[in-house]
Number of protein chains: 2
Amino acid sequence: MTKTAMPSPEAIKVWARLMRVSRQLIEQGEEALKDSGLPPLAWYDVLHELAEAGEGGLRPFQLTERTLFAQYNISRLLARLEADGLVEKLKVADDGRGQTIRISAKGRETRRRMWAVYGRSITELVGHKLSADELSTVSALLGRLRLPPAMD
Amino acid sequence: MTKTAMPSPEAIKVWARLMRVSRQLIEQGEEALKDSGLPPLAWYDVLHELAEAGEGGLRPFQLTERTLFAQYNISRLLARLEADGLVEKLKVADDGRGQTIRISAKGRETRRRMWAVYGRSITELVGHKLSADELSTVSALLGRLRLPPAMD
DNA sequence: AGATTATAGATGCAATTGCATCAAGCTTGA
DNA sequence: TCAAGCTTGATGCAATTGCATCTATAATCT
């Protein structure tokens with residue numbers, strides 16, 4: 001059993017700023033989307049993953065892993081997305097429990113419109129605040145905080 | 001009217017990692033607190049601000065500003081904290097609408113115990129992953145993403 | 001095979017959040 | 001001074017989240 005020490009002042013500062021900046025980013029993103037009459041960020045996250053996955057789609061449990069949303073949250077979010085016609089649920093052949101989720105044309109379109117709005121927030125709150133070099137530095141260091149660490 | 005361009009790939013990467021890392025940090029913090037039978041992170045944030053404010057306490061609207069929680073959220077959170085005896089609501093002399101919130105001894109003790117648990121998560125997820133220099137670099141750059149920017 | 005354990009996804013119920021709005025007290029300005 | 005408007009904080013109601021648990025199917029073990 002190894003003792004875990006309390007965080008250094010430097011670590012605390014990183015944590016505090018990480019919390020504050022991410023909260024801002026979320027808040028302003030949600031606000032911008034709402035002002036444009038678009039769905040909340042959580043929908044974007046899922047549509048984004050599904051769009052990247054392409055025609056093959058993804059299983060709900062894969063979405064759970066990638067987005068870090070809880071299982072029951074994904075389950076209900078997908079129900080709402082399906083009700084809105086943004087995704088389709090397909091039976092999967094080799095596993096009777098499972099299903100595959102595929103983004104629909106309407107889903108892609110919604111995602112595109114959300115990105116147009118949300119991307120602007122990112123530019124304002126992130127892109128315009130730091131140089132390209134600084135952005136690379138931050139993302140490299142944040143990559144090492146990720147679980148699992150990003151290796152680029 | 002100035003056009004806002006879409007974010008560069010570097011900005012997107014920073015945003016994506018920021019979101020992921022902060023989500024992890026929150027999730028693991030919440031989990032650690034729950035496992036120890038302690039209240040959720042939101043309580044910590046408020047107790048922390050109140051502890052820093054000292055005997056003078058803070059007005060609810062000041063908490064709203066500092067924590068970035070919505071006004072109605074603070075209102076109800078304070079009701080729960082008061083019900084648990086962690087804070088006291090005091091009438092404020094010069095403004096009949098307002099109140100001052102002051103942390104109680106029990107509140108300080110709860111905060112202390114939460115920090116013992118939460119701090120460990122921060123050490124594991126942040127402190128142990130980067131050197132002191134790297135931590136300083138990240139916090140300086142994140143400071144510039146803050147609104148308003150931190151000036152240190 | 002049959003029993004046991006694990007995994008995928010859904011869901012009832014309680015707690016929390018978001019939204020809209022309210023009540024009460026301040027402030028301003030004609 | 002008093003009407004109009006602003007600020008502080010609370011709250012009813014709907015939507016979402018968290019928790020625990022459930023059903024169904026797969027995988028493993030004897």
Side-chain angles (χ1 to χ4, degrees), chain A residues 23 26-46 49-50 53 57-84 86-102, chain B residues 23 26-46 49-50 53 57-84 86-102:
Chain A
R23 216 174 275 179
I26 290 166
E27 188 177 298
Q28 302 223 0
E30 294 282 16
E31 188 186 328
L33 288 169
K34 187 142 44 67
D35 289 350
S36 301
L38 290 165
L41 267 181
W43 291 36
Y44 181 81
D45 287 349
V46 169
E49 293 297 337
L50 289 173
L58 286 176
R59 301 278 302 266
F61 75 89
Q62 295 178 297
L63 284 168
T64 299
E65 291 163 2
R66 297 180 193 206
T67 61
L68 305 184
F69 289 142
Q71 180 270 320
Y72 53 78
N73 236 323
I74 287 291
S75 177
R76 297 201 254 226
L77 189 39
L78 289 175
R80 282 173 233 148
L81 288 170
E82 189 187 28
D84 259 48
L86 304 183
V87 306
E88 299 167 299
K89 295 186 175 182
L90 312 169
K91 275 203 188 64
V92 57
D94 58 330
D95 187 338
R97 296 165 297 187
Q99 49 189 306
T100 295
I101 310 296
R102 192 166 62 194
Chain B
R23 216 173 276 179
I26 290 166
E27 190 178 295
Q28 302 223 0
E30 294 282 15
E31 189 185 329
L33 288 169
K34 186 141 45 65
D35 289 351
S36 302
L38 290 166
L41 266 182
W43 291 36
Y44 181 81
D45 288 348
V46 169
E49 293 297 337
L50 290 173
L58 286 176
R59 302 277 302 265
F61 75 89
Q62 295 178 298
L63 284 167
T64 300
E65 292 163 3
R66 297 180 194 206
T67 60
L68 305 183
F69 289 142
Q71 179 271 320
Y72 54 79
N73 237 323
I74 287 291
S75 176
R76 296 201 254 223
L77 189 39
L78 289 175
R80 282 173 233 148
L81 288 170
E82 190 187 26
D84 260 47
L86 304 184
V87 305
E88 299 167 298
K89 296 187 176 183
L90 312 170
K91 276 205 187 64
V92 57
D94 58 329
D95 188 338
R97 296 164 299 187
Q99 50 189 307
T100 296
I101 309 296
R102 193 167 60 194

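These numbers were taken from a predicted model, which means no experiment stands behind them. So that the names make sense, note that chain A is the first sequence line, chain B the second, and so on, each numbered from 1.
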Note: A/Glu30 and A/Leu41 closest approach over all heavy atoms is OE1-N, 3.2 Å
Distance below 4.0 Å between B/Asn73 side-chain N/O and C/dT16 OP1 or OP2: no
Q: Using modelled atom types only, decide if a donor and an acceptor are shared between the side chain of A/Arg59 and the backbone of A/Gln99 within a distance under 3.5 Å.
A: yes
Of D/dG18, C/dT17, D/dT8, the nucleotide closest to the side chain of B/Arg76 is C/dT17
- prompt: Can you find a side chain N or O atom of B/Tyr72 that sits less than 4.0 Å from OP1 or OP2 on D/dA10?
  reply: no
In whole angstroms, the gap separating P of C/dT17 from CZ of A/Arg23 amounts to 12 Å
* Asked: Looking only at side-chain N and O atoms, does A/Lys89 come under 4.0 Å of OP1 or OP2 in C/dA10?
  -> yes
With no hydrogens and no angle check, is any side-chain donor or acceptor of A/Arg23 less than 3.5 Å from a backbone partner on B/Thr67? yes
Would you say A/Arg97 reaches D/dC22's phosphate, i.e. side-chain N/O to OP1/OP2 under 4.0 Å?
no
Separation of C/dT17 atom P from A/Glu27 atom CD, nearest Å, is 14 Å
Whole-Å distance, A/Asp84 CG to D/dT16 P, equals 10 Å
B/Leu78 atom CG is separated from D/dT11 atom P, nearest whole Å, by 13 Å
Here the distance between atom C1' of D/dG9 and atom CZ of B/Arg59, to the nearest Å, is 9 Å
5'-most contact on DNA chain C (nearest-nucleotide basis), A/Lys34 vs A/Asp95, goes to A/Asp95
Tell whether A/Gln71 reaches the base of C/dA10 with its side chain through a donor-acceptor pair below 3.5 angstrom.
-> yes
Do A/Gln99 and C/dA8 have a side chain to base donor-acceptor pair shorter than 3.5 Å?
no
Nearest-nucleotide check on DNA chain C, A/Phe61 vs B/Trp43; residue mapping nearer the 5' end is A/Phe61
Of all heavy-atom pairs linking A/Ala53 and A/Leu58, the shortest is CB-CG, 3.5 Å
Practice prompt. Determine whether A/Leu68 and A/Asp45 make a side-chain contact, defined as any pair of heavy atoms from C-beta on separated by less than 4.5 Å.
Written response: no
To the nearest angstrom, the CG-C1' distance between B/Leu68 and C/dT17 comes to 16 Å
In whole angstroms, the gap separating P of C/dT16 from CZ of B/Phe69 amounts to 13 Å
Of the listed C/dT17, D/dA10, C/dG9, the closest approach to the B/Ser75 side chain comes from D/dA10
Atom CD1 of B/Ile74 and atom P of D/dT11 are separated, to the nearest Å, by 16 Å
